[in-house]
There are 2 protein chains.
Amino acid sequence: MKLGEGVEWSLHCCSVLGTLPPGVALPGARLAEFHDVPASYLAKHLQALSSAGIVESVTGRNGGYRLALPADEITMLDVVLAVNGDEPAFRCSEIRQRGPSAISLEHYVRPCGIARAMWDAESAWRNSLRNTTIGDLVGELDQSVAPEQIDKAITWMGSVLR
Amino acid sequence: MKLGEGVEWSLHCCSVLGTLPPGVALPGARLAEFHDVPASYLAKHLQALSSAGIVESVTGRNGGYRLALPADEITMLDVVLAVNGDEPAFRCSEIRQRGPSAISLEHYVRPCGIARAMWDAESAWRNSLRNTTIGDLVGELDQSVAPEQIDKAITWMGSVLR
DNA sequence: GTCCCTATACTCGGATAGCAAGTGTCCGAGTATAGGCGG
DNA sequence: CCGCCTATACTCGGACACTTGCTATCCGAGTATAGGGAC
């Protein structure tokens, strides 16, 4: 079980976009510069976010990305699934239907206990992520980020948005 | 986020081993045959379970694998972590310490909200898996497996264990 | 001064290589058993 | 008939190829803007 690096980047990007004034877009290249990550690769994930309807792209000059919904209506789960794919982590291959003790297919009506337990665990994981929105992340930035860094970020943002 | 196939195999193997009389060992090749999976590859995961102290190997003729602990003392989480690695799925690369708004290292004392939320979700996942033991899985086999299949499995097992 | 047109520069989007990890396989080291031999 | 010894066959354990998916990159299509020119 491993989560791709793009998940972290995407969540940070959404947080940044959530701090912008409504309607203002930030280019992908600027988002990459702000986080010091490869711009070309970040673009791939921003594309996924765009396809999922989480961010929307503004083309042309002074274009970029901006949140497609209010920050409070975007959950962390939405972002994670958009970037990492919405397939469940555990996939039951029904190996109980194979081997020397297999019986006719019609007897397998109830999922096996292993699959149920794994899916329950994944539901717990998803529910936890569903309980935090991008708006929550933005709201607690002043608690986890030093004021000095916030000032620098605001200054940089002002020079970029122009 | 994707869980390797070996996780499923390992959990099923532990369930099977949990049904055996105490002290009896089942060779990896028979476990593979019972589940109809590649024996050579399953051996790799059984090795991991052995290293983790979940199963113990009995060498030589009539050897094989058996649970190293009572089935009620082995949680699903133990098995999953042994096979899939115990690294957290989400790894914070501290990208907030990079880019144009970075400040001196000493200001980053509290983990960022994103990492905290991701870790909380993973804790929920782990806690859920911790609440189910191999013994629980064995105990509910008669609810999720048809009696006919149980009979066939017992018959096969008897012919193999000799 | 105002409006329109064009060229520009900037944006996103998808198609294209490189690499790590999971997947699959193999052969060698070690051991408990089965059978034969001697007493 | 009983005990010992040896050869065997079977076990696990680690070292070696292959495939999938994540990582990283590039170039082309499209558009809002900026500037210049005409009215």
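Note that the structure is predicted; figures quoted are calculated from it, not measured. The sequence lines fix the lettering, A, B, ..., with proteins before strands; numbering per chain opens at 1.
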Nucleotide nearest [X] when distance is taken to its side chain, options [options]:
X: B/R61; options: D/dT25, D/dA9, D/dG14; answer: D/dA9
X: B/Y65; options: D/dT23, D/dC12, C/dC12; answer: D/dC12
X: B/K2; options: D/dG21, D/dT23, D/dT11; answer: D/dG21
X: A/W9; options: D/dA24, C/dG13, D/dT31; answer: D/dA24

Rounding to an integer number of Å, can you tell me how far [X] [atom1] sits from [N] [atom2]?
X: A/N62; N: C/dT8; atom1: CG; atom2: C1'; value: 14 Å
X: B/E5; N: C/dT25; atom1: CD; atom2: C1'; value: 16 Å
X: B/L49; N: D/dC12; atom1: CG; atom2: P; value: 13 Å
X: B/H45; N: D/dC12; atom1: NE2; atom2: P; value: 15 Å
X: A/K44; N: C/dG18; atom1: NZ; atom2: P; value: 15 Å
X: A/L42; N: D/dC26; atom1: CG; atom2: P; value: 15 Å
X: A/L46; N: C/dG13; atom1: CG; atom2: P; value: 9 Å
X: B/E87; N: C/dA21; atom1: CD; atom2: C1'; value: 11 Å

* Structure fact -> Comparing A/G6 with B/Q47, nearest DNA chain D nucleotide closer to 5' gives the residue B/Q47
* Between A/G4 and B/S40, who's closer to the 5' end of DNA chain D by nearest nucleotide? -> B/S40
With no hydrogens and no angle check, do the side chains of [X] and [Y] hold a donor and an acceptor under 3.5 Å apart?
X: B/S93; Y: A/E8; result: yes
X: B/D120; Y: B/S123; result: no
X: A/D78; Y: A/T75; result: yes
X: A/N131; Y: A/S128; result: no

* Quantified as the angle between the terminal helix axes (five pairs each), what is the overall bend of the helix from C/dG1-D/dC39 to C/dG39-D/dC1 to 10 degrees? -> 10°
Under 4.0 angstrom between [X] side-chain N/O and [N] OP1 or OP2:
X: A/T59; N: C/dC10; value: no
X: A/Y41; N: D/dT25; value: no
X: B/S50; N: D/dC12; value: no

* Structure fact -> Sorted by chain and number, sequence neighbours left out, ring-ring contact (aromatic ring centres under 6.0 Å, His included) with B/F34 holds for B/W156
* To do: Evaluate the salt bridge (Lys or Arg N to Asp or Glu O under 4.0 Å) criterion for residues B/E122 and B/R126: first the C-alpha distance (whole Å), next the side-chain angles of each, then the deciding distance (0.1 Å), finally the verdict.
  => CA-CA 6 Å; B/E122 195 164 341; B/R126 294 195 174 206; 3.7 Å; yes
Just list the side-chain donor-acceptor pairs under 3.5 Å for residues 110-119 of chain B, sequence neighbours left out, or say none.
from: B/R116; atom 1: NE; to: B/P111; atom 2: O; distance (Å): 3.3
from: B/W119; atom 1: NE1; to: B/F90; atom 2: O; distance (Å): 3.4

